[in-house]
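First up is the structure itself, then whatever we jot down about it.
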Amino acid sequence: MHGDTAVGRHREPGLDLLQIQSRIVDQFAHPSAAFHERRAAQLLIEQGEKTRKPDWEKLHAVLTAVCSPWRSIGVPLLERGIGRPDVPLTVTDAIVIMMAAQQVTARLRTEQVQEEHLLHARAVHRTNWAQYQAERHQPKPQGTTLGFYATPEGMEAQLREQVQAFTCTLAGVLGITRDLAAKARVGRLPF
């Protein structure tokens with residue numbers, strides 16, 4: 001699951017919460033997205049971070065509206081992908097990743113993850129992380145979202161990025177990401 005951290009959830013020294021929210025929204029936003037749409041998405045992210053109970057359905061709807069370049073009454077909004085054009089990350093993908101990370105964190109807090117799963121995730125993460133670091137410095141295909149592979153500035157931000165990547169790997173090892181993604185494909189998630 002390398003590359004999932006680029007959703008922009010890592011914190012960098014000197015960045016306040018508004019700047020972080022702006023980066024998340026800006027990565028998905030279509031250039032024609034209105035300020036009030038962008039701000040609504042930022043506020044939902046802020047509320048979710050403060051309460052630790054994000055409203056996934058509203059966040060999905062607002063981010064989809066922010067990223068959809070074509071809007072017509074009766075026509076569903078399109079999810080604009082970010083990242084590499086050959087494996088784009090959509091709003092749904094990003095929310096599935098955030099939901100999975102939240103579930104992993106809850107399981108870790110209550111010590112519901114077996115040691116063998118942690119050890120397996122660590123081995124997988126080391127391989128994925130090394131591959132991601134190597135890819136980070138390779139030329140990207142045309143159309144890759146600017147900054148998607150950027151190295152965060154500062155040691156704390158780099159550590160947060162790696163912890164987030166491990167959390168995503170653990171979610172994959174535990175089958176959480178697979179289950180949430182399968183539900184999202186058939187429309188069984190709240191968004």
Side-chain angles (χ1 to χ4, degrees), residues 1-12 15-29 38-67 79 81-83 87-122 124-125 128-129 132 148 152 156-191:
M1 302 277 323
H2 55 81
D4 297 339
T5 60
V7 175
R9 292 182 308 254
H10 54 264
R11 301 213 192 308
E12 296 179 21
L15 288 181
D16 64 17
L17 190 57
L18 181 59
Q19 289 171 313
I20 294 164
Q21 296 158 3
S22 294
R23 283 188 174 191
I24 294 169
V25 174
D26 287 346
Q27 284 187 358
F28 279 109
R38 292 172 188 250
R39 186 67 186 134
Q42 292 169 353
L43 291 173
L44 280 172
I45 293 167
E46 178 182 359
Q47 180 184 25
E49 287 183 357
K50 285 182 178 178
T51 64
R52 295 184 186 237
K53 295 180 181 179
D55 186 333
W56 299 118
E57 184 175 357
K58 280 185 184 176
L59 184 58
H60 184 268
V62 170
L63 279 177
T64 301
V66 165
C67 77
E79 286 191 41
I82 63 171
V87 282
L89 183 72
T90 66
V91 171
T92 300
D93 297 332
I95 290 178
V96 163
I97 291 164
M98 288 186 264
M99 291 174 78
Q102 185 181 43
Q103 288 185 25
V104 165
T105 302
R107 287 187 189 187
L108 288 170
R109 278 192 193 120
T110 57
E111 299 181 12
Q112 295 180 0
V113 180
Q114 296 175 4
E115 185 177 359
E116 66 256 18
H117 291 132
L118 288 168
L119 293 172
H120 179 64
R122 181 176 67 180
V124 171
H125 171 72
N128 287 351
W129 189 254
Y132 177 64
F148 194 78
E156 182 182 350
Q158 291 173 17
L159 290 172
R160 286 180 185 271
E161 180 187 46
Q162 191 164 14
V163 168
Q164 182 62 39
F166 177 77
T167 303
C168 291
T169 300
L170 183 56
V173 166
L174 296 173
I176 295 170
T177 306
R178 179 193 64 237
D179 294 345
L180 289 173
K183 288 178 183 177
R185 276 193 295 280
V186 295
R188 290 179 40 216
L189 287 177
F191 59 91

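Keep in mind that what you see is a predicted model, and the values were worked out from it rather than measured.
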Which pair of heavy atoms, one from [X] and one from [Y], lies closest together, and at what distance?
X      : Y      : answer
Leu89  : Phe28  : O-CE2, 3.6 Å
Val91  : Cys67  : CG2-SG, 3.9 Å
Ala41  : Val25  : CB-CG2, 3.6 Å
Arg52  : Arg109 : NH1-NH2, 2.5 Å
Val173 : His117 : CG1-O, 3.9 Å
Pro88  : Gly81  : CB-CA, 3.9 Å

Seminar exercise, completed: From the list Gln158, Glu156, Gln162, Gln164, side-chain contact (heavy atoms from CB on, under 4.5 Å) with Arg160 holds only for Glu156
For this session: Tell me, yes or no, whether the heavy-atom count around Glu115 atom CD, taken from other residues, nucleotides or ligands under 6.0 Å, exceeds 12.
Result: no
For this session: Would you sort out whether Gln103 and Leu180 count as a side-chain contact (heavy atoms from CB on, under 4.5 Å), showing the intermediate values?
Result: CA-CA 11 Å; Gln103 288 185 25; Leu180 289 173; 3.8 Å; yes
For this session: Let me see the working for Thr177 and Cys168 under side-chain contact (heavy atoms from CB on, under 4.5 Å), right down to the final yes or no.
Result: CA-CA 8 Å; Thr177 306; Cys168 291; over 6 Å; no
For this session: Could you please spell out the steps behind the side-chain contact (heavy atoms from CB on, under 4.5 Å) verdict for Gln47 and Asp55?
Result: CA-CA 9 Å; Gln47 180 184 25; Asp55 186 333; 5.5 Å; no
For this session: Take Arg38 and Asp26 through the test side-chain contact (heavy atoms from CB on, under 4.5 Å) and record every step on the way to the result.
Result: CA-CA 8 Å; Arg38 292 172 188 250; Asp26 287 346; 3.1 Å; yes
Problem set entry | Test item: Asn128 side-chain N/O and His125 main-chain N/O as donor-acceptor pair under 3.5 Å | no
For this session: For Thr110, check side chain to side chain donor-acceptor pair (under 3.5 Å) against everything at least two apart and list the hits.
Result: Gln112
Problem set entry | Listed partners of Thr64 passing side chain to side chain donor-acceptor pair (under 3.5 Å), at least two apart | none
Distance, nearest 0.5 Å, that separates [atom1] of [X] from [atom2] of [Y]:
X      : Y     : atom1 : atom2 : answer
His60  : Met99 : NE2   : CE    : 10.5 Å
Ile176 : Ile97 : CD1   : CD1   : 13.5 Å
Thr167 : Met98 : OG1   : CE    : 14.0 Å
Leu63  : Thr90 : CG    : OG1   : 10.5 Å
Gln42  : Leu44 : CD    : CG    : 10.5 Å

For this session: Could you pull out all residues at least two apart from Leu108 that satisfy side chain to side chain contact (heavy atoms under 4.5 Å, CB included)?
Result: Val104, Val113, Leu118, Leu170
